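A short worksheet on the structure shown next.
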Amino acid sequence: MAIRLDLDHLDPLHDAVLTWYDAERRDLPWRSPGTSPWQVLVSEVMLQQTPVARVLEPYARWIERWPTPAALAAEPAGEAVRAWGRLGYPRRALRLHACAVALTEVYDGVLPEDVDELRALPGIGEYTAAAVAVFAYGRRHAVLDTNVRRVLSRLVDGEPYPPSTLTVAERRRARALLPDAPARSARWSIGLMEIGALVCRAQTPRCDACPVRTWCRWEGAGRPAYDGPPRRGQSYAGTDRQCRGRLLAVLRSSAAAVPGAVLRGAWDDDTQRERALDSLLDDGLVVITADGKYALPA
DNA sequence: CAGTCGTGGCT
DNA sequence: TAGCCAAGACT
């Protein structure tokens, strides 16, 4: 049986996470000492639904080219989409550009520290606002990403996976577990994320290497399997998303505007291609030029 | 609130 | 092999 979690005496739990983090943390570029809040934001947006390994190279090129919000805001949004490469979900690039414009115009290029102000910026939701406030500014605030949610669900609830949507109970609990000192709470949050990424993994947990194993209800209960309703799977082949990806890849690789005939060669199904192209135009990821060709936005 | 939105690696 | 999933946001 796991040791019951005592909310009045969390120090040992905190210590276990912080000690483990100091020893096992990955040395990622956005964690190095001189990282600016803007660079933290760039990394967080790129990491939304995209694994660390695929972010490393685009991130390095991005911050070298656009070290400040003003630098990015000075260029066309299409350049952001092009530099986004194959990270996926390219609307993130568009939003990050819009965010850079807003930061430049409204905040004089300085990221706000307040989560509500951050939350109001394009592409910054609840998680990313918290991540910037905590990781860039050391504020005391709960950070609930998919890793932390899974770790706490297993540790405290004994459930293999968190609820499908973030609940108020999860927010309240995450807040209650936070160390009192802001600097300590920030490291606690990063530590939980890192445990989720390296140890308490979704499919292949490494409980033998877990620093909080002695408190874990899930491990203590023999790691019961998930038995709820089927979790929504993401199909991809043949979907509009794949079609959009193909079309955008053509535009990314071309410096000049592209005639419709070329796009036609990128996807066979006329109906689906037109639908996907319309949605790309709606999103502002693609524009039609004066001579009727297609291009990334100016 | 549930659906939509890319891409690729791992088991 | 075919799912499963990865530091979510937005509508």
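These figures come from a predicted structure and were not determined experimentally. By convention in this document, chain letters (A, B, ...) are assigned in the order of the sequence lines, proteins followed by strands, and residues within each chain are numbered from 1.
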Separation of B/dG6 P from A/L47 CG (nearest whole Å): 18 Å

Nearest-angstrom distance from the residue atom CG of A/D282 to P of B/dT4: 16 Å

Residue closer to the 5' end of DNA chain C, A/R119 versus A/M193 (nearest nucleotide): A/M193

Along DNA chain C (nearest heavy atom to each residue), the more 5'-positioned of A/I124 and A/L28: A/L28

Please determine whether a side-chain nitrogen or oxygen atom of [X] lies at a distance below 4.0 Å from atom OP1 or OP2 of [N].
| X | N | value |
| --- | --- | --- |
| A/Q49 | C/dA6 | no |
| A/R244 | B/dC5 | no |
| A/Y236 | B/dT7 | yes |
| A/R150 | C/dA6 | yes |
| A/Q203 | C/dC5 | yes |
| A/R252 | B/dT7 | yes |
| A/Y161 | C/dC5 | yes |
| A/R86 | B/dG8 | yes |

Please tell me if the side chains of [X] and [Y] come closer than 4.5 Å, counting only heavy atoms from C-beta onward.
| X | Y | result |
| --- | --- | --- |
| A/Y226 | A/E159 | no |
| A/W84 | A/W62 | yes |
| A/I63 | A/S36 | no |

Nearest to side-chain heavy atoms of [X], which nucleotide of [options]:
| X | options | value |
| --- | --- | --- |
| A/D240 | B/dC5, B/dG6, C/dA7 | B/dC5 |
| A/P90 | B/dG6, C/dA7, C/dC4 | B/dG6 |
| A/P51 | C/dC5, C/dA7, C/dA6 | C/dA6 |
| A/Y127 | B/dG6, B/dA2, C/dA9 | C/dA9 |

When you compare [N] with [M], how far apart are their [atom1] atoms, in angstrom units rounded to a whole number?
| N | M | atom1 | value |
| --- | --- | --- | --- |
| B/dA2 | C/dA7 | C1' | 22 Å |
| B/dG3 | C/dC4 | P | 16 Å |
| B/dG6 | C/dT11 | P | 14 Å |

Residue met sooner reading DNA chain B from 5', once A/R201 and A/A249 are mapped to nucleotides: A/A249

Whichever of A/S164 and A/L285 has its nearest DNA chain B nucleotide further upstream toward 5': A/S164

Quick one: does any side-chain atom of [X] pair with a main-chain N or O of [Y] as donor and acceptor, under 3.5 Å?
| X | Y | value |
| --- | --- | --- |
| A/W218 | A/P224 | yes |
| A/R273 | A/R244 | no |
| A/Y161 | A/S153 | no |

Distance-only donor-acceptor test (3.5 Å): side chain A/R241, base B/dG6: yes

N/O donor-acceptor pair, side chain A/S235 with base C/dG3, under 3.5 angstrom: no

Touch check for [X], heavy atoms < 4.0 angstrom, all strands: base, sugar-phosphate only, or nothing?
| X | value |
| --- | --- |
| A/A131 | nothing |
| A/W30 | base |
| A/T128 | sugar-phosphate |
| A/G125 | sugar-phosphate |
| A/S43 | nothing |

Distance-only check: which donor-acceptor pairs under 3.5 Å involve side-chain atoms of residues 254-268 of chain A, not counting sequence neighbours?
from, atom 1, to, atom 2, distance (Å)
A/S254, OG, A/A256, N, 3.3
A/S254, OG, A/A256, O, 2.7
A/W267, NE1, A/Q272, OE1, 2.9

